[in-house]
> 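Would you mind keeping the following structure in view while I ask a few things?
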There are 4 protein chains.
Amino acid sequence: MPKIVDHDQYRRELLSRCFDLFAQKSYGSITMRYIAQELGVSTGTLYHYFPSKQALFEQLVEEVCQQEILMAIAELEFTQTLQETMDAMGKFLAKHEDYFIKLTYIFVDFCQHQDSKQMWSSRMFRRVDERSRQAISKVIGIEDSTVISLILSLIDGVILERLWGNEKVSFTEQCTLLGKMLTAYLPEHQLNRKLNYKSYSVN
Amino acid sequence: MPKIVDHDQYRRELLSRCFDLFAQKSYGSITMRYIAQELGVSTGTLYHYFPSKQALFEQLVEEVCQQEILMAIAELEFTQTLQETMDAMGKFLAKHEDYFIKLTYIFVDFCQHQDSKQMWSSRMFRRVDERSRQAISKVIGIEDSTVISLILSLIDGVILERLWGNEKVSFTEQCTLLGKMLTAYLPEHQLNRKLNYKSYSVN
Amino acid sequence: MPKIVDHDQYRRELLSRCFDLFAQKSYGSITMRYIAQELGVSTGTLYHYFPSKQALFEQLVEEVCQQEILMAIAELEFTQTLQETMDAMGKFLAKHEDYFIKLTYIFVDFCQHQDSKQMWSSRMFRRVDERSRQAISKVIGIEDSTVISLILSLIDGVILERLWGNEKVSFTEQCTLLGKMLTAYLPEHQLNRKLNYKSYSVN
Amino acid sequence: MPKIVDHDQYRRELLSRCFDLFAQKSYGSITMRYIAQELGVSTGTLYHYFPSKQALFEQLVEEVCQQEILMAIAELEFTQTLQETMDAMGKFLAKHEDYFIKLTYIFVDFCQHQDSKQMWSSRMFRRVDERSRQAISKVIGIEDSTVISLILSLIDGVILERLWGNEKVSFTEQCTLLGKMLTAYLPEHQLNRKLNYKSYSVN
DNA sequence: AATGAATGAGCGTTCATTCAT
DNA sequence: TATGAATGAACGCTCATTCAT
């Protein structure tokens, strides 16, 4: 009888504990010894669960992409007005700022190690994008793809600004402003907001 | 001291030719041998101009920060309407997309190797931010810091989306939309656009 | 003690199935994992039967030395003439060529891991040599030690030539030639072949 | 100006100093650290001259094959009788016994790491064989391929016996006996020995 | 100024071996 | 008995860096 270990479950646990490490040091700068040490296992064990450093990194990105944290935005209680919704989103993002910065470190690092065009066309990133868009769309009740792109890009941009330490930019402030701008802009194009919301609320 | 001039001039030339290399491979993954090879010099020569890999990277970031390409936005011909200005900015960004993506790779990599908070407080990034803000401010004729942050963040965000290969998002489209939103939003707060611009042109 | 019998029996079975493996990859290049895999057992099981890789190898050599295949030459039907005997021996060797090559790989490998002088003085090899000599002696009906050494050495040499892929040399051809040479050489020294053989058959 | 080192010459020097090492420990058991240490250089230097352990080994075999020591047999002063020639050959082989044993270790090891059939068909071994045959042929004045194979195989066989420590077999004894057997055997087939010799001596 | 040979610490990875089950 | 997860020393190899030329 072998030691009773759920191989796949333990692999995933190790993986999730790698998240912070790969956010802290880039793929090229982190060492398997360091990872093993931080995880409290031996390098041998690391290689028992992952065939190579490369594979470990790829599985990490895969795993991270399958997480649903962006979806969590969709769980925001839908507040009465667009403005309130945007404010809530700002708070949510601010709360998870560290997570999103780490995510960005890992994704940028990952893209640098691949041909990114090819990557995007691969399932992973496309799936993450799709899910994020749906979440945004659901929360603010807009389906205009360009507007959603703008919201997503703004979020990305704020993450990036925070990532390199810009303290002048904050999620709450930016989301609030975005709310105001959307409010000022949208009515002209999308008057039937409430209807949209109702149809969403059915789901 | 003509020799020193030559030395420094050659150092800068090598540095500028390192830009693409560090964008392609991250600091941790690139090797001095590879850099030397790509630059067509020996490793010995590399070490003649730069005391270490770390120093080379830092000097590269320093050099890049001193470049004025973001300022170039300010050189955009001031077109009559805000919308036209934003459209022109979109075109400008789209044209230099590759450059901005490379810049982002290098900056993110750099931040990952430092304590980013500490970095921001260092002169370099703060200076770049300040210059970018002034450029935006001048071009758009707006002084509201939060609005400028939003514009900057949106640009950063689109770069990031393009970096990881998202072809759904484009600079031109986003800038155009941003123009519309600003037009819809701003009048309420800032009707005297021309005046503002003039006051900037005085500085 | 039936259990011990089973244990030892299984150990020997594993050992015999290791023969091909150690002939294919040398001691230094083969791994316990690979052996276990090829044997269809776990590494744990391997260590249950053999205390170490070194011991496994030594037991393999020991086992191989105890095999009687060289003796099998003695089982050759004693044919009327020396020439016929040598021809039969050539056929026998050619038939088991692969086995002898593998044996040689293993023995050479083994010698390289020991101080060979010391090894020879160890019982194993001496025993194999002695048995081979007796077998040859019996079959050929000659006692002259130097002649037997020549026959043995020639066989070894042909194995070696075959081992490194020389297709110009063949057992049958060489044994036939050796038969002719012995026939031409021996009568002068040893005319009473039959008598000798009989004297051997008495032992 | 770089350090003045004849790269290829130094490479060959290192190579020749590897001969004993690879004879002592097999390819799979020797380590680059050990080789470097024994050669008195760093591992980095080793890799500066050889792209890999595999390549080092192959170059060693290549180098060894290009050596002319077997040819040296041909340099034996041609003594009056076949018997004297064989006796001289025996002495020559006995004198270089250690070298031939080492050579055998290396060749066997090499064959085990390749598909030997394929190897033989490759130039190296074939060339060595051809040269050896010519040397033998020249020295004893015989062209019969099977007889030459027998002589070569016998030499190989004695090397092998010596390699695994058999002290009962000696080059001088075996060569002397072989001389007698050839003398007894050849006249029937090859009466014009002197003629052959003369034709060789012309070359 | 420029080269590239030299170094040895350290990298990703593998290995024989141990041991809880 | 049999398994395979776990270990960490050691492997082949690479790296930033130094230095004689």
Side-chain angles (χ1 to χ4, degrees), chain A residues 1-7 10-11 27-37 40-56, chain B residues 3 6-7 10-11 27-37 40-56, chain C residues 3 6-7 10 27-37 40-56, chain D residues 1-7 10-11 27-37 40-57:
Chain A
M1 254 180 297
K3 277 186 191 174
I4 292 168
V5 176
D6 185 326
H7 189 96
Y10 191 47
R11 204 198 88 242
Y27 176 79
S29 299
I30 208 169
T31 72
M32 289 301 262
R33 271 166 186 70
Y34 178 77
I35 296 170
Q37 198 174 31
V41 299
S42 66
T43 56
T45 297
L46 219 47
Y47 278 92
H48 187 69
Y49 289 95
F50 308 98
S52 67
K53 185 186 178 186
Q54 177 75 24
L56 166 57
Chain B
K3 277 202 172 177
D6 280 350
H7 184 96
Y10 190 47
R11 205 198 90 244
Y27 176 79
S29 299
I30 208 168
T31 70
M32 289 299 264
R33 254 175 189 51
Y34 178 77
I35 295 168
Q37 202 173 28
V41 300
S42 66
T43 56
T45 299
L46 218 49
Y47 276 90
H48 186 72
Y49 288 97
F50 308 98
S52 69
K53 187 187 178 187
Q54 179 73 25
L56 166 57
Chain C
K3 276 201 171 175
D6 280 349
H7 184 96
Y10 191 47
Y27 176 79
S29 298
I30 208 168
T31 71
M32 289 300 263
R33 253 176 191 50
Y34 177 77
I35 296 168
Q37 202 172 27
V41 300
S42 65
T43 56
T45 298
L46 218 49
Y47 276 89
H48 186 72
Y49 288 95
F50 308 98
S52 69
K53 187 186 178 186
Q54 178 74 25
L56 167 56
Chain D
M1 255 180 297
K3 277 185 191 173
I4 293 168
V5 177
D6 185 326
H7 190 96
Y10 192 47
R11 205 197 89 243
Y27 176 79
S29 299
I30 207 168
T31 72
M32 289 301 262
R33 272 166 185 72
Y34 177 77
I35 296 170
Q37 198 174 30
V41 300
S42 65
T43 56
T45 297
L46 219 47
Y47 279 93
H48 186 69
Y49 289 96
F50 307 99
S52 67
K53 186 186 177 187
Q54 177 75 24
L56 167 56
F57 186 42

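Each chain gets a letter, A, B and so on, in the order its sequence line appears, and its residues count up from 1.
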> Rounded off to whole Å, could you give me the CD1-to-P distance for the Ile35(D) and dT7(E) pair?
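Distance, rounded to whole Å: 16 Å.
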> Show me the protein contacts with nucleotides 13-15 of chain E, counting only N or O atoms at under 3.5 Å.
residue : atom : partner  : partner atom : Å
dT13(E) : OP2  : Tyr47(A) : OH           : 2.4
dT13(E) : OP2  : Lys53(A) : N            : 2.8
dT13(E) : O5'  : Tyr47(A) : OH           : 3.1

> For residues Ser29(A) and Gly28(B), report the shortest heavy-atom separation together with the two atoms involved.
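Closest approach of Ser29(A) to Gly28(B), heavy atoms only: OG-CA, 3.4 Å.
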> Quick one: His48(A) NE2 to dG8(F) P, roughly how many Å, whole number?
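Taking NE2 of His48(A) and P of dG8(F), I get 16 Å after rounding.
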> How long is the gap from NZ on Lys53(B) to CD1 on Ile35(B), to the nearest 0.5 Å?
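Answer rounded to 0.5 Å: 6.5 Å.
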> Could you pull out all residues at least two apart from Thr43(A) that satisfy side-chain hydrogen bond (donor to acceptor under 3.5 Å, both in side chains)?
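side-chain hydrogen bond (donor to acceptor under 3.5 Å, both in side chains) list for Thr43(A), sorted by chain: empty.
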> Looking for any heavy atom pair under 4.0 Å, which part of the strands does Tyr49(C) touch: base, sugar-phosphate only, or nothing?
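Sugar-phosphate only.
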> Minimum heavy-atom separation for Tyr34(A) to Ile30(A), with atom names?
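The pair with the smallest heavy-atom distance is CD2-CG1, 3.6 Å.
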> Just how far, in rounded Å, is P of dG8(F) from CG of Leu46(A)?
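Taking CG of Leu46(A) and P of dG8(F), I get 13 Å after rounding.
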> Over all heavy atoms of both residues, which pair between Leu56(B) and Met32(B) is shortest? Give the atoms and the distance, please.
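It is CD2-SD, 4.2 Å.
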> Expected output check: what is the dot-bracket annotation of DNA chain E, where ( ) and [ ] are pairs inside the strand (brackets for crossing ones), | is paired with another strand, and pairs are Watson-Crick or G-U under 3.5 Å?
.||||||||||||||||||||
> Measuring to OP1 and OP2 of dT7(F), would you say a side-chain N or O of Ser42(A) lies under 4.0 angstrom away?
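Answer is yes, contact under 4.0 Å.
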> Roughly how many Å is it from CZ in Phe50(D) to P in dT14(F), rounded to a whole number?
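It works out to 15 Å between those atoms.
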> Of all residues at least two apart in sequence or in a different chain, which pass the side-chain hydrogen bond (donor to acceptor under 3.5 Å, both in side chains) check with Gln54(A)?
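Applying side-chain hydrogen bond (donor to acceptor under 3.5 Å, both in side chains) to Gln54(A) gives Tyr27(A), Glu58(A).
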> Can you tell me how far P of dT21(F) sits from CG of Asp6(D), to the nearest Å?
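These atoms are roughly 16 Å apart.
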> Of all residues at least two apart in sequence or in a different chain, which pass the ring pair (Phe, Tyr, Trp, His ring centres under 6.0 Å) check with Phe50(D)?
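None.
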> Quick one: salt bridge (charged side-chain N to carboxylate O under 4.0 Å, His left out) partners of Arg11(B), sequence neighbours excluded?
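Arg11(B) satisfies salt bridge (charged side-chain N to carboxylate O under 4.0 Å, His left out) with Asp8(B) only.
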